[in-house]
Amino acid sequence: METIELGIEVVDENCTGCYRCERVCPTEAIVMVGPKTEALAVVDNDKCIGCLRCIDSCDDDALLTFKREEPVDVTVDTTDIDEDAIKNLCQAAGTSPTHLVCPCSNRTAQDIAATILQGAHTYEELSLRIGVQSGCLLYCSTPLRRLLLAGTGDARTTSKLRRYDSDQSLMNIAPELEDKYPLFGIRTEQEWRQKEMAEVEVDL
Amino acid sequence: MTTFVDRTFNPPVDPPDIVPSEYGPAVRPVRGKDVPGMVSLPVRELFPDIPPAIFRHGDDGTAMRRATLDALAGVDMSMIKPNQRVNVICSEHGFGMDGGFGYAEMLQAIRDEIVERTGCLNVKLMVIAWHGRKEPQELIDFFGLDERYHGKVAGVNPLDQGIKIDTVIGPLYGMRAIYSADWIIHTHYDDPREVYAHRGIDRITKPFGMSYARMETRSIFHMEMGPRTGNLIGRAVADSEFVRSKLAFSAVMTSSPDGLTGVDADNDLDLLGARTTAGMLRSYGKMLALFRTIDDVIPIIDGAKWPYYIHAGGMIFGQLFFNGRDWWDLDEPDDTADIEHLVGGNVSLGIKSVVLNHALIGLTVLALPMVYPLIIADREMADTMARDFANPGILDYAEVAENLFQAVELARERADGSENLMCFDGTYGAINLSPSMAEQLLANAPECSRLVDEELLPKYLKQRGLDPLMLGIGSA
């Protein structure tokens, strides 16, 4: 999303200390504070991207939204970008620059690559800067991982959100599988992907 | 504008009840069928050879239970021992087919038959939802799944703990809870759904890479693979040693645009898959061809799932939205490995405006108001969309009416006065629509029937190496 309009507030007396909200927050905006026997949720709205995952996970009506007095803009910084470096990073990640990575925030591979090159080196930093992971948390997870790996050599995360290290891509598929699964068009689609990675230009 | 219609149509049919959900608005006071002048058109009037339903919403479950038992009669269950654990895995979209109770009946009959034949009582239903943590419980409550499974039921979603599955394309991740049993039963359905994504290639295995999978694996399917190679994700998991060692048998709820037509089951996943694909191509080919001819329509989205997945006469809205090509013809070349670009480049030129009366949130549909005028029926639906994390800012691109009737009038104005309304309200068997829309469909149906019978269906089957004789097997 381009603008974060909502923030989260905790209703302390309703919080039962179940830890679910902390485990689903993609940016560490919500953490449990205190000894485990009496921990309560605490929100840092400077880190909240309004994905509402915490509210969805809460069974106790302990989390509410509020409308921010000053909505926060999350836009891609297109100043001083190196288009060649962006394209190379996308290619290393096995994708073309204009490939839509995060439909919920409408971010493409080039948006994410540019932001990584500008210093966002974790999932959380990407979310805070350009709003990825602010929706379903699902479609974007593997391309984000691949772009982080290509751009930083690591796919670091500091939040408690559970992640698994699976990131196969079309270009990783052994061409020999074509014989076993002829209807899937493996070689043809790999050729198309190769072409698109080489020919599609950055367009920020 | 008055349209002269030279025949009388049936009144609108009642669509299935909407499952109450916190992921949608309160059930709407009026439905699309309540718009003055709406009629209904039976799908078998369009194509008399559409396989007839044995079950529609509102029917009691006898026919579905009998069809399930008939299908299971040929299935070997001897591998299941009394002291073992069995997980029956279901996918939520089955509950979106004609009200969902047919699927619930099939699931219950499967459980009862396993208990009867094997003595195993530890048979658990795993209810998988797309996204929201509370979605599975909503389904469990509405369809009485806890009672049907004698208390052994659990909800799962893609952020839950995963289990590593070694496949021919490397490790992928399923959801641990689903596979945490001695045996799993794969229960599926042949609703074609996103024909633009799976292309009718390997429908039977899709849940292994989607419903049954962790978010990373689903992400690989959607975002890392190409239009056809996406099918490899589900197939790779289904073919893994891990899954094959646990898969006792599979069952498919068969359907047509007329409704639920029966059940098929087999210990052999691939044989079942071949029959399922053949049946799906036959049952839905003509309606898909007809949808490709629609050149002037105002859809009213009005049902219990996400906008693209709500049915009209058994056909989901997504099949109309992306009707720009024949997705089942594998000879038609794709010119990109980017599925988003491919699908997005084939949106309908016939949709003139869209009315949104009722749908769930959580799945991105931002493309809709970018392409067509979108009128949201009332403030309550608009407020629901305002909290939709998957569609941020959608209200910036949509209009909000006072009520459904005003929304329809606005939609007509945006569509240069078109009166061609079609309700996507969950119906099977018939479509609720305006008389002029019915006339458009009736006019185009004969040529679609000929085209599919004489050219397309034989081609589809041949492209997939399917024997036409298979069309007689597995149906009710």
Side-chain angles (χ1 to χ4, degrees), chain A residues 1-3 5-6 20 23-24 50-53 56-57 59 65 94-96 98-101 103-106 131 134-146 161-170 172-174 177 180-181 183-186 188-196, chain B residues 22-23 130-134 158-162 164 167-173 199 201-202 214-220 222-233 235-236 239 330 333-338 340-341 344 362-364 366-367 387-393 463-465:
Chain A
M1 61 182 74
E2 293 283 342
T3 306
E5 298 193 352
L6 299 177
R20 282 202 192 98
R23 288 182 189 138
V24 297
C51 72
L52 310 184
R53 272 271 168 227
D56 186 54
S57 71
D59 286 336
T65 59
T95 188
S96 75
T98 56
H99 178 59
L100 183 65
V101 165
C104 300
S105 65
N106 200 29
S134 56
C136 70
L137 256 185
L138 200 144
Y139 283 97
C140 61
S141 60
T142 296
L144 283 182
R145 176 180 164 80
R146 292 185 65 87
L161 185 67
R162 189 185 272 141
R163 293 187 187 275
Y164 292 85
D165 56 350
S166 176
D167 51 39
Q168 289 86 331
S169 178
L170 173 60
N172 298 138
I173 300 174
L177 286 178
K180 191 171 180 186
Y181 304 115
L183 289 182
F184 296 163
I186 294 168
T188 302
E189 292 196 351
Q190 285 179 330
E191 285 166 11
W192 273 111
R193 179 67 56 87
Q194 191 72 43
K195 189 167 181 289
E196 282 156 356
Chain B
E22 72 168 70
Y23 301 100
W130 141 244
H131 194 245
R133 189 174 156 271
K134 301 179 176 71
L159 298 183
D160 290 343
Q161 195 175 76
K164 184 176 173 182
T167 77
V168 293
I169 58 171
L172 295 170
Y173 284 84
R199 314 293 287 276
I201 290 175
D202 199 4
R214 267 276 311 181
M215 69 173 189
E216 295 84 359
T217 298
R218 297 193 193 200
S219 173
I220 293 171
H222 281 293
M223 309 310 275
E224 291 296 334
M225 307 301 281
R228 300 187 197 194
T229 49
N231 288 284
L232 185 53
I233 303 304
R235 172 50 65 174
D239 278 355
L330 301 181
D334 299 337
D335 59 358
T336 176
D338 190 316
E340 296 283 330
H341 287 168
L363 194 66
T364 180
L366 269 174
R387 61 180 170 89
D388 185 354
F389 50 81
N391 290 287
Q463 288 167 342
R464 291 159 179 80

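Letters A, B, ... mirror the listed sequences (proteins, then strands); counts begin at 1.
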Open item on the list: Please classify the contact of B:Ile233 with chain A as side chain, backbone, both or neither, using a heavy-atom distance under 4.5 Å.
Closed with: neither

- [ ] Carefully, step by step, assess B:Leu330 and A:Leu183 under the rule side chain to side chain contact (heavy atoms under 4.5 Å, CB included).
- [x] CA-CA 8 Å; B:Leu330 301 181; A:Leu183 289 182; 4.0 Å; yes

Task: Smallest separation among heavy atoms of B:Ile201 and A:Phe184, with atom names - done: CG2-CE2, 3.3 Å

- [ ] Can you sort out the partners of B:Thr364 under side-chain contact (heavy atoms from CB on, under 4.5 Å), two or more places apart, ordered by chain and number?
- [x] A:Pro103, B:Leu366, B:Asn391

Task: Closest approach of A:Leu170 to B:Thr229 (non-hydrogen atoms, all atoms of both residues) - done: CD1-OG1, 3.5 Å

Open item on the list: I need the A:Tyr181 OH to B:Asp239 CG distance, nearest 0.5 Å.
Closed with: 4.0 Å

- [ ] Please state whether the side chain, the backbone, both or neither of B:Arg199 comes within less than 4.5 Å of a heavy atom of chain A.
- [x] neither

TODO: Considering only NZ, NE, NH1 and NH2 on the basic side and carboxylate oxygens on the acidic side, decide whether B:Glu224 and A:Arg146 come within less than 4.0 Å.
DONE: yes

Task: B:Pro171 versus chain A, the contacting section by heavy-atom distance below 4.5 Å - done: both

TODO: Side chain from CB out, backbone as N, CA, C, O: work out which of these in A:Arg145 comes under 4.5 Å of a heavy atom of chain B, or both, or neither.
DONE: neither

- [ ] Could you tell me the separation between the CD atom of B:Glu216 and the OG atom of A:Ser166, rounded to the nearest 0.5 Å?
- [x] 6.5 Å

Open item on the list: Restricting to non-hydrogen atoms, name the atom on B:Met215 and the atom on A:Arg162 that form the minimum distance, rounded to 0.1 Å.
Closed with: CE-O, 4.0 Å

Task: Interatomic spacing from OG in A:Ser141 to CD1 in B:Ile220 - rounded to 0.5 Å - done: 8.0 Å

Task: Residue part contacting chain B, namely of A:Arg163, when any heavy atom lies under 4.5 Å - done: both

Task: Heavy-atom proximity to chain B below 4.5 Å, by part of A:Gln168 - done: both

Task: Pairwise distance CG(B:Asp338) to CG(A:Leu100) - rounded to 0.5 angstrom - done: 8.0 Å

- [ ] Using a cut-off of under 4.5 Å on heavy-atom pairs, state which of A:Leu6, A:Thr65, A:Thr98 scores highest against chain B.
- [x] A:Thr98

Task: Derivation of the side chain to side chain contact (heavy atoms under 4.5 Å, CB included) call for A:Asp165 and B:Tyr173 - done: CA-CA 9 Å; A:Asp165 56 350; B:Tyr173 284 84; 3.2 Å; yes

Open item on the list: Are A:Pro143 and B:Ser219 packed together at the side-chain level, in the sense that at least one heavy-atom pair is separated by less than 4.5 angstrom?
Closed with: yes

Task: Check: B:Gly132 main-chain N/O paired with A:Asp56 side-chain donor or acceptor under 3.5 Å - done: no

TODO: Report the option among B:Gly170, B:Pro227, B:Ala236 that has the most heavy-atom pairs separated by less than 4.5 Å from atoms of chain A.
DONE: B:Pro227

Open item on the list: To the nearest 0.5 Å, what is the distance between NZ on A:Lys180 and CZ on B:Arg235?
Closed with: 9.0 Å

Task: B:Asp334 versus chain A, the contacting section by heavy-atom distance below 4.5 Å - done: both

TODO: Measure distances from A:Leu177 to the heavy atoms of chain B and classify the residue's part below 4.5 Å as side chain, backbone, both or neither.
DONE: side chain

Open item on the list: Run the side chain to side chain contact (heavy atoms under 4.5 Å, CB included) test on A:Ile173 and B:Met225 for me, step by step, so that the C-alpha distance in whole Å, both residues' side-chain angles and the decisive distance to 0.1 Å come before the verdict.
Closed with: CA-CA 10 Å; A:Ile173 300 174; B:Met225 307 301 281; 3.1 Å; yes

Task: When B:His222, B:Glu340, B:Arg218 are compared by non-hydrogen pairs under 4.5 Å with chain A, the top option - done: B:His222

- [ ] Flag the one option from B:Leu232, B:Asp160, B:Leu172, B:Asn231 with the top tally of heavy-atom pairs under 4.5 Å to chain A.
- [x] B:Leu232

TODO: Would you check, one step at a time, whether the test side chain to side chain contact (heavy atoms under 4.5 Å, CB included) holds for B:Arg133 with A:Arg20?
DONE: CA-CA 11 Å; B:Arg133 189 174 156 271; A:Arg20 282 202 192 98; 3.0 Å; yes

Task: Region of B:Gln161 in contact with chain A, defined by heavy-atom distances below 4.5 Å - done: both

Task: Results of salt bridge (Lys or Arg N to Asp or Glu O under 4.0 Å) for B:Lys134 - residues two or more places apart only - done: none

Task: Which atoms of A:Ser169 approach chain B - backbone, side chain, both or neither, heavy atom under 4.5 Å - done: both

TODO: Give the minimum heavy-atom separation between B:Phe389 and A:Cys104, together with the two atoms involved.
DONE: O-CB, 4.2 Å

Task: A:Asn172 versus chain B, the contacting section by heavy-atom distance below 4.5 Å - done: neither

Task: Flag side-chain contact, heavy atom, 4.5 Å: B:Met223 against A:His99 - done: yes

Task: Under 4.5 Å from any heavy atom of chain B - which part of A:Tyr164 - done: both

TODO: Answer with side chain, backbone, both or neither: which region of A:Leu52 has an atom nearer than 4.5 Å to a non-hydrogen atom of chain B?
DONE: side chain

Open item on the list: For B:Arg228, is there any backbone N or O sitting under 3.5 Å from a side-chain donor or acceptor partner on A:Glu189?
Closed with: yes

